[in-house]
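Being a predicted model, the structure only gives us computed values, none of them experimental.
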Amino acid sequence: MFEWLQTNWDDVLAIIGGVVLVVSTVVKLTATDKDDTVWAKVLKVLSALSLVNPDGSVTGKAK
């Protein structure tokens, strides 16, 4: 498993980035705030793992 991850790490990160982009877009388009709060928690976890920007945004500093 670790060997596979080492070999395909760039692809794994690209997939994670794509999922973050798609889910962020869908969450912004929905009318409810419940999914926004859940996604904010997921972004906090990803931020702690340094998979998104430190301010919790996907594209840069949040405004």
Side-chain angles (χ1 to χ4, degrees):
M1 177 82 176
F2 289 114
E3 184 178 328
W4 183 87
L5 275 175
Q6 287 177 337
T7 306
N8 298 300
W9 187 242
D10 291 339
D11 295 330
V12 170
L13 290 179
I15 291 169
I16 292 171
V19 169
V20 168
L21 178 68
V22 170
V23 172
S24 294
T25 303
V26 170
V27 165
K28 298 276 185 193
L29 293 174
T30 59
T32 62
D33 289 335
K34 188 173 183 178
D35 57 348
D36 294 345
T37 56
V38 171
W39 185 240
K41 290 177 184 178
V42 171
L43 283 178
K44 275 189 177 185
V45 171
L46 293 176
S47 179
L49 297 173
S50 297
L51 295 176
V52 294
N53 293 319
D55 64 351
S57 69
V58 178
T59 58
K61 287 198 172 206
K63 294 182 181 180

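- Residues meeting the side chain to side chain donor-acceptor pair (under 3.5 Å) test with T37, sequence neighbours left out: none.
- Between atom CD of residue E3 and atom CG of residue N8 there is a gap of 10.0 Å, rounded to the nearest 0.5 Å.
- Hydrophobic clustering keeps L21 apart from V26 (ILVMFWY residues linked when any side-chain heavy atoms are closer than 4.5 Å, directly or through intermediates).
- Every side-chain contact (heavy atoms from CB on, under 4.5 Å) that L5 has, sequence neighbours left out, goes to W9, V12.
- Taking CG of L43 as the reference point, atom CG of D36 lies at 10.5 Å (rounded to 0.5 Å).
- Listed by chain and number, the residues in a side-chain contact (heavy atoms from CB on, under 4.5 Å) with V19 are I15, V23 (sequence neighbours excluded).
- Annotation: side chain to side chain donor-acceptor pair (under 3.5 Å) contacts of D35 (sequence neighbours excluded): T30, T32.
- In the hydrophobic clustering of ILVMFWY residues, with side-chain heavy atoms under 4.5 Å counting as a link, V42 and V27 come out together.
- Here CH2 of W4 is found 7.5 Å from CG of D11. Values are rounded to the nearest 0.5 Å.
- The hydrophobic clustering, which links ILVMFWY residues whose side-chain heavy atoms are closer than 4.5 Å, places L46 and V38 apart.
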